[in-house]
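Only this structure's heavy atoms are used, side chains among them; waters, hydrogens and symmetry mates stay out.
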Amino acid sequence: MKLWVRHIVLIRSLRGAGVAVLFASLVCAQAGPDGHWEGSFTVNNREIGISLDLAKNAKSEWIASMGLPSQNMTGLVVMDVAVNGKSVKFVAVELQMATCDLTLGPDGRMKGTMSAPQGPMSTQGPMPVELKRTGEAKVELIPRSPAVSKELEGDWEGSLQDPNGALHPLVFHFKNQPDKTVAATMDNPERNFMAMPLNNVKQTGQKVEFGLKIAGASFQGSLNKEGAELAGEFIHDAGSMPLTLRKK
(Lines give C-alpha, C1' and ligand atoms only; values in the text may rest on other atoms or scores of the structure.)
Protein backbone atom coordinates (compact mmCIF):
# COMPACT_ATOMS: atom_id res chain seq x y z
CA MET A 1 0.00 0.00 0.00
CA LYS A 2 2.79 2.42 0.93
CA LEU A 3 4.54 1.80 -2.38
CA TRP A 4 1.30 2.49 -4.24
CA VAL A 5 0.76 5.76 -2.34
CA ARG A 6 4.35 6.82 -3.06
CA HIS A 7 3.79 6.03 -6.73
CA ILE A 8 0.69 8.24 -6.85
CA VAL A 9 2.50 11.07 -5.05
CA LEU A 10 5.42 10.78 -7.48
CA ILE A 11 3.11 10.96 -10.52
CA ARG A 12 1.34 14.00 -9.10
CA SER A 13 4.67 15.68 -8.40
CA LEU A 14 5.85 15.06 -11.95
CA ARG A 15 2.59 16.41 -13.32
CA GLY A 16 2.94 19.49 -11.15
CA ALA A 17 6.50 19.96 -12.33
CA GLY A 18 5.35 19.56 -15.92
CA VAL A 19 2.70 22.24 -15.49
CA ALA A 20 5.28 24.52 -13.89
CA VAL A 21 7.72 23.97 -16.76
CA LEU A 22 4.97 24.57 -19.33
CA PHE A 23 3.89 27.77 -17.58
CA ALA A 24 7.49 28.95 -17.40
CA SER A 25 8.00 28.22 -21.09
CA LEU A 26 4.89 30.21 -21.99
CA VAL A 27 6.08 33.15 -19.90
CA CYS A 28 9.49 33.00 -21.54
CA ALA A 29 7.90 32.76 -24.99
CA GLN A 30 6.04 36.01 -24.33
CA ALA A 31 9.02 37.82 -22.79
CA GLY A 32 9.76 39.65 -26.07
CA PRO A 33 7.86 42.53 -27.66
CA ASP A 34 6.23 40.47 -30.42
CA GLY A 35 2.45 40.16 -30.38
CA HIS A 36 -0.79 42.08 -30.81
CA TRP A 37 -0.88 45.11 -28.53
CA GLU A 38 -3.74 47.44 -27.68
CA GLY A 39 -3.76 50.75 -25.87
CA SER A 40 -4.33 54.46 -26.34
CA PHE A 41 -2.90 57.96 -26.33
CA THR A 42 -4.57 61.34 -25.73
CA VAL A 43 -4.76 64.29 -28.14
CA ASN A 44 -6.53 67.51 -27.10
CA ASN A 45 -8.16 65.73 -24.14
CA ARG A 46 -9.47 63.05 -26.49
CA GLU A 47 -8.44 59.46 -25.94
CA ILE A 48 -7.62 57.60 -29.14
CA GLY A 49 -7.37 53.82 -29.13
CA ILE A 50 -4.61 52.21 -31.15
CA SER A 51 -3.32 48.74 -31.85
CA LEU A 52 0.15 47.51 -32.77
CA ASP A 53 1.11 44.20 -34.36
CA LEU A 54 4.80 43.41 -34.09
CA ALA A 55 6.61 40.28 -35.28
CA LYS A 56 9.61 38.92 -37.17
CA ASN A 57 9.35 37.89 -40.80
CA ALA A 58 10.95 34.87 -42.46
CA LYS A 59 14.26 36.76 -42.61
CA SER A 60 14.12 37.47 -38.85
CA GLU A 61 13.51 41.14 -39.59
CA TRP A 62 11.08 43.03 -37.37
CA ILE A 63 7.90 44.12 -39.14
CA ALA A 64 4.85 45.93 -37.81
CA SER A 65 1.53 47.50 -38.62
CA MET A 66 -0.93 49.59 -36.62
CA GLY A 67 -4.67 50.08 -36.38
CA LEU A 68 -7.34 52.46 -35.15
CA PRO A 69 -10.00 50.13 -33.66
CA SER A 70 -12.62 52.86 -33.25
CA GLN A 71 -12.48 53.50 -37.00
CA ASN A 72 -12.18 49.81 -37.95
CA MET A 73 -8.85 50.62 -39.60
CA THR A 74 -6.05 48.07 -39.70
CA GLY A 75 -2.84 47.69 -41.64
CA LEU A 76 -1.64 51.26 -41.07
CA VAL A 77 1.95 51.53 -42.19
CA VAL A 78 4.87 51.41 -39.78
CA MET A 79 8.45 52.03 -40.87
CA ASP A 80 11.96 52.17 -39.38
CA VAL A 81 11.19 49.45 -36.83
CA ALA A 82 14.08 49.05 -34.39
CA VAL A 83 13.93 46.49 -31.58
CA ASN A 84 16.80 46.27 -29.11
CA GLY A 85 16.06 44.00 -26.17
CA LYS A 86 13.10 45.60 -24.41
CA SER A 87 13.29 48.81 -26.47
CA VAL A 88 10.92 49.26 -29.43
CA LYS A 89 11.08 52.28 -31.74
CA PHE A 90 9.27 52.98 -35.01
CA VAL A 91 7.56 55.65 -37.11
CA ALA A 92 3.78 55.51 -37.48
CA VAL A 93 3.66 56.80 -41.06
CA GLU A 94 -0.10 57.33 -41.27
CA LEU A 95 -0.36 58.87 -37.79
CA GLN A 96 1.27 62.10 -38.90
CA MET A 97 4.72 60.44 -39.08
CA ALA A 98 4.73 60.12 -35.30
CA THR A 99 7.83 58.61 -33.72
CA CYS A 100 7.08 55.99 -31.08
CA ASP A 101 9.62 55.17 -28.38
CA LEU A 102 8.45 52.29 -26.18
CA THR A 103 9.93 50.02 -23.53
CA LEU A 104 8.64 46.60 -22.49
CA GLY A 105 8.39 46.64 -18.70
CA PRO A 106 8.49 43.85 -16.11
CA ASP A 107 4.69 44.04 -15.87
CA GLY A 108 4.43 42.87 -19.50
CA ARG A 109 3.20 46.24 -20.78
CA MET A 110 4.89 48.54 -23.28
CA LYS A 111 5.06 52.14 -22.20
CA GLY A 112 6.61 55.22 -23.72
CA THR A 113 5.82 58.25 -25.85
CA MET A 114 4.53 59.18 -29.29
CA SER A 115 5.75 62.42 -30.87
CA ALA A 116 4.53 63.93 -34.13
CA PRO A 117 6.85 66.31 -36.04
CA GLN A 118 3.99 68.43 -37.42
CA GLY A 119 0.22 68.66 -37.58
CA PRO A 120 -2.38 68.76 -34.77
CA MET A 121 -0.58 66.09 -32.75
CA SER A 122 2.69 68.05 -32.73
CA THR A 123 1.26 70.70 -30.41
CA GLN A 124 0.89 68.08 -27.67
CA GLY A 125 4.58 67.35 -27.40
CA PRO A 126 5.54 63.78 -26.43
CA MET A 127 2.28 61.97 -25.65
CA PRO A 128 2.28 59.07 -23.15
CA VAL A 129 1.39 55.69 -24.65
CA GLU A 130 0.70 52.42 -22.87
CA LEU A 131 0.02 49.13 -24.63
CA LYS A 132 -1.06 45.74 -23.35
CA ARG A 133 -0.46 42.48 -25.21
CA THR A 134 -3.77 40.82 -26.06
CA GLY A 135 -2.78 38.06 -28.46
CA GLU A 136 -0.58 36.92 -31.31
CA ALA A 137 0.65 39.37 -33.91
CA LYS A 138 -1.21 39.66 -37.21
CA VAL A 139 0.93 42.11 -39.14
CA GLU A 140 -0.76 43.53 -42.24
CA LEU A 141 1.66 44.80 -44.84
CA ILE A 142 0.59 46.57 -48.00
CA PRO A 143 0.74 44.01 -50.84
CA ARG A 144 3.48 44.74 -53.33
CA SER A 145 2.42 46.13 -56.69
CA PRO A 146 3.99 45.07 -60.00
CA ALA A 147 6.74 47.18 -61.53
CA VAL A 148 5.73 50.13 -63.69
CA SER A 149 7.01 51.37 -67.05
CA LYS A 150 10.14 53.48 -67.40
CA GLU A 151 7.89 56.38 -68.37
CA LEU A 152 6.10 56.25 -65.01
CA GLU A 153 9.13 55.42 -62.90
CA GLY A 154 10.54 58.51 -61.21
CA ASP A 155 9.31 61.55 -59.27
CA TRP A 156 6.15 63.52 -60.04
CA GLU A 157 4.89 66.87 -58.75
CA GLY A 158 1.42 68.38 -58.69
CA SER A 159 -1.06 70.29 -56.54
CA LEU A 160 -4.63 69.86 -55.35
CA GLN A 161 -6.71 73.04 -55.35
CA ASP A 162 -9.18 73.46 -52.49
CA PRO A 163 -12.57 75.27 -52.84
CA ASN A 164 -10.92 78.54 -51.73
CA GLY A 165 -8.40 78.36 -54.54
CA ALA A 166 -5.40 77.47 -52.37
CA LEU A 167 -2.93 74.98 -53.82
CA HIS A 168 -1.63 72.05 -51.81
CA PRO A 169 1.53 70.51 -53.32
CA LEU A 170 2.04 66.75 -53.52
CA VAL A 171 5.01 64.72 -54.70
CA PHE A 172 4.77 61.10 -55.86
CA HIS A 173 7.63 58.63 -56.20
CA PHE A 174 7.71 55.39 -58.20
CA LYS A 175 10.84 53.24 -58.00
CA ASN A 176 11.04 49.75 -59.47
CA GLN A 177 12.64 47.08 -57.28
CA PRO A 178 14.88 44.11 -58.17
CA ASP A 179 11.99 41.72 -57.42
CA LYS A 180 9.93 43.32 -60.22
CA THR A 181 7.69 45.27 -57.86
CA VAL A 182 7.42 49.01 -57.37
CA ALA A 183 7.99 51.09 -54.25
CA ALA A 184 5.43 53.89 -54.52
CA THR A 185 5.03 56.73 -52.02
CA MET A 186 3.58 60.21 -51.67
CA ASP A 187 4.99 63.27 -49.89
CA ASN A 188 2.89 66.12 -48.54
CA PRO A 189 5.55 68.85 -48.03
CA GLU A 190 2.99 71.27 -46.65
CA ARG A 191 2.45 69.06 -43.60
CA ASN A 192 5.86 67.42 -43.61
CA PHE A 193 4.31 64.00 -44.25
CA MET A 194 6.87 62.00 -46.17
CA ALA A 195 6.97 58.55 -47.77
CA MET A 196 3.29 57.78 -47.28
CA PRO A 197 2.85 54.47 -49.11
CA LEU A 198 0.59 54.02 -52.11
CA ASN A 199 -1.31 50.78 -52.57
CA ASN A 200 -2.83 48.94 -55.54
CA VAL A 201 -0.53 50.60 -58.06
CA LYS A 202 -1.61 49.45 -61.51
CA GLN A 203 -0.50 50.53 -64.96
CA THR A 204 -2.27 49.35 -68.10
CA GLY A 205 -0.66 51.00 -71.08
CA GLN A 206 -1.00 54.75 -70.52
CA LYS A 207 -3.64 54.29 -67.81
CA VAL A 208 -2.41 54.61 -64.20
CA GLU A 209 -4.24 53.86 -60.95
CA PHE A 210 -3.21 53.81 -57.30
CA GLY A 211 -4.66 54.23 -53.82
CA LEU A 212 -3.80 56.09 -50.63
CA LYS A 213 -5.24 53.90 -47.89
CA ILE A 214 -5.04 56.25 -44.89
CA ALA A 215 -6.99 58.95 -46.76
CA GLY A 216 -9.48 56.51 -48.23
CA ALA A 217 -8.52 58.00 -51.58
CA SER A 218 -7.42 56.86 -55.01
CA PHE A 219 -6.13 58.29 -58.28
CA GLN A 220 -7.07 57.43 -61.84
CA GLY A 221 -5.33 59.07 -64.76
CA SER A 222 -3.36 58.71 -67.98
CA LEU A 223 0.16 59.43 -69.12
CA ASN A 224 0.58 61.66 -72.15
CA LYS A 225 2.46 60.40 -75.20
CA GLU A 226 5.69 62.11 -74.12
CA GLY A 227 5.54 60.46 -70.68
CA ALA A 228 6.01 63.85 -69.03
CA GLU A 229 2.50 64.48 -67.69
CA LEU A 230 0.04 62.35 -65.73
CA ALA A 231 -3.45 63.86 -65.66
CA GLY A 232 -6.48 62.49 -63.88
CA GLU A 233 -8.77 62.61 -60.85
CA PHE A 234 -7.98 62.33 -57.14
CA ILE A 235 -11.03 60.52 -55.73
CA HIS A 236 -12.15 60.43 -52.07
CA ASP A 237 -15.32 60.17 -50.01
CA ALA A 238 -16.22 63.83 -50.49
CA GLY A 239 -15.96 63.59 -54.26
CA SER A 240 -13.14 64.06 -56.73
CA MET A 241 -10.65 66.75 -57.67
CA PRO A 242 -8.56 67.17 -60.82
CA LEU A 243 -4.88 66.43 -60.34
CA THR A 244 -2.17 66.82 -62.94
CA LEU A 245 1.32 65.58 -62.18
CA ARG A 246 4.47 66.52 -64.05
CA LYS A 247 7.66 64.55 -64.04
CA LYS A 248 10.58 66.20 -62.28
Side-chain angles (χ1 to χ4, degrees), residues 26-144 183-186 188 191-200 211-216:
L26 289 175
V27 171
C28 290
Q30 295 183 357
D34 57 297
H36 176 79
W37 300 81
E38 295 185 355
S40 64
F41 66 97
T42 302
V43 179
N44 296 325
N45 297 318
R46 179 190 172 195
E47 186 176 32
I48 298 176
I50 57 173
S51 64
L52 170 68
D53 287 278
L54 181 64
K56 284 186 176 181
N57 62 15
K59 298 180 180 179
S60 292
E61 301 166 330
W62 286 99
I63 56 174
S65 62
M66 296 188 73
L68 295 172
S70 63
Q71 300 181 35
N72 294 318
M73 295 188 69
T74 61
L76 300 184
V77 175
V78 171
M79 60 183 280
D80 299 337
V81 182
V83 177
N84 185 9
K86 305 294 184 181
S87 172
V88 178
K89 298 180 181 181
F90 57 87
V91 174
V93 174
E94 293 162 311
L95 293 181
Q96 299 179 14
M97 299 297 292
T99 299
C100 298
D101 190 346
L102 307 171
T103 301
L104 179 59
D107 60 355
R109 293 173 179 261
M110 279 204 291
K111 302 176 184 179
T113 59
M114 177 184 289
S115 305
Q118 196 168 335
M121 286 168 51
S122 66
T123 62
Q124 306 294 300
M127 297 165 286
V129 179
E130 181 172 334
L131 300 171
K132 178 182 178 181
R133 183 193 276 110
T134 60
E136 297 297 320
K138 295 181 180 179
V139 179
E140 295 182 35
L141 302 179
I142 290 180
R144 295 181 177 273
T185 60
M186 184 193 83
N188 184 337
R191 296 191 177 183
N192 198 31
F193 295 165
M194 302 298 173
M196 299 185 70
L198 305 179
N199 60 286
N200 297 330
L212 184 62
K213 184 175 180 179
I214 186 61

Could I get the full list of side chain to side chain donor-acceptor pair (under 3.5 Å) partners for Thr74, not counting sequence neighbours?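 Thr74 satisfies side chain to side chain donor-acceptor pair (under 3.5 Å) with Glu140 only.
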
All side chain to side chain donor-acceptor pair (under 3.5 Å) counterparts of Glu61, not counting sequence neighbours: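 With neighbours one apart ignored, the set is Asn57.
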
[X] and [Y]: which non-hydrogen atoms are nearest, and at how many Å?
| X | Y | value |
| --- | --- | --- |
| Met194 | Val93 | O-CG1, 4.4 Å |
| Arg133 | Trp37 | N-CE3, 3.1 Å |
| Pro33 | Leu54 | O-CD2, 3.4 Å |
| Ser40 | Gly49 | CB-CA, 4.0 Å |
| His36 | Glu136 | CB-O, 3.3 Å |
| Leu52 | Ala64 | CD1-CB, 4.1 Å |

[X] side, atom [atom1]; [Y] side, atom [atom2] - distance, nearest 0.5 Å:
| X | Y | atom1 | atom2 | result |
| --- | --- | --- | --- | --- |
| Leu76 | Ile50 | CG | CD1 | 10.0 Å |
| Met73 | Ser51 | CE | OG | 11.0 Å |
| Thr185 | Leu198 | OG1 | CG | 6.5 Å |
| Lys86 | Met110 | NZ | CE | 11.0 Å |
| Leu141 | Asp53 | CG | CG | 10.0 Å |
| Cys100 | Leu131 | SG | CG | 8.5 Å |

Could you walk me through whether Thr42 and Ile48 pass side chain to side chain contact (heavy atoms under 4.5 Å, CB included), step by step? CA-CA 6 Å; Thr42 302; Ile48 298 176; over 6 Å; no

Check: [Y] main-chain N/O paired with [X] side-chain donor or acceptor under 3.5 Å:
| X | Y | value |
| --- | --- | --- |
| Asp34 | Ala55 | no |
| Thr103 | Ser87 | no |
| Glu94 | Val77 | yes |

So do the side chains of Ile63 and Lys56 get within less than 4.5 Å of each other, counting heavy atoms only?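 The answer is no; the side chains never approach within 4.5 Å.
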
Test: salt bridge (Lys or Arg N to Asp or Glu O under 4.0 Å). Region: residues 102-116. Which pairs qualify, not counting sequence neighbours?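 Every salt bridge (Lys or Arg N to Asp or Glu O under 4.0 Å) pair that includes a residue of residues 102-116, provided the two are not neighbours, is Asp107-Lys111, Arg109-Glu130.
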
Got a sec: does the NZ of Lys213 have more than 12 other heavy atoms crowding it under 6.0 Å?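 Check passes, neighbour count above 12.
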
Candidates Val83, Leu102, Asp80 - the one meeting side chain to side chain contact (heavy atoms under 4.5 Å, CB included) with Phe90: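 Of the listed residues Val83, Leu102, Asp80, the side chain to side chain contact (heavy atoms under 4.5 Å, CB included) partner of Phe90 is Leu102.
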
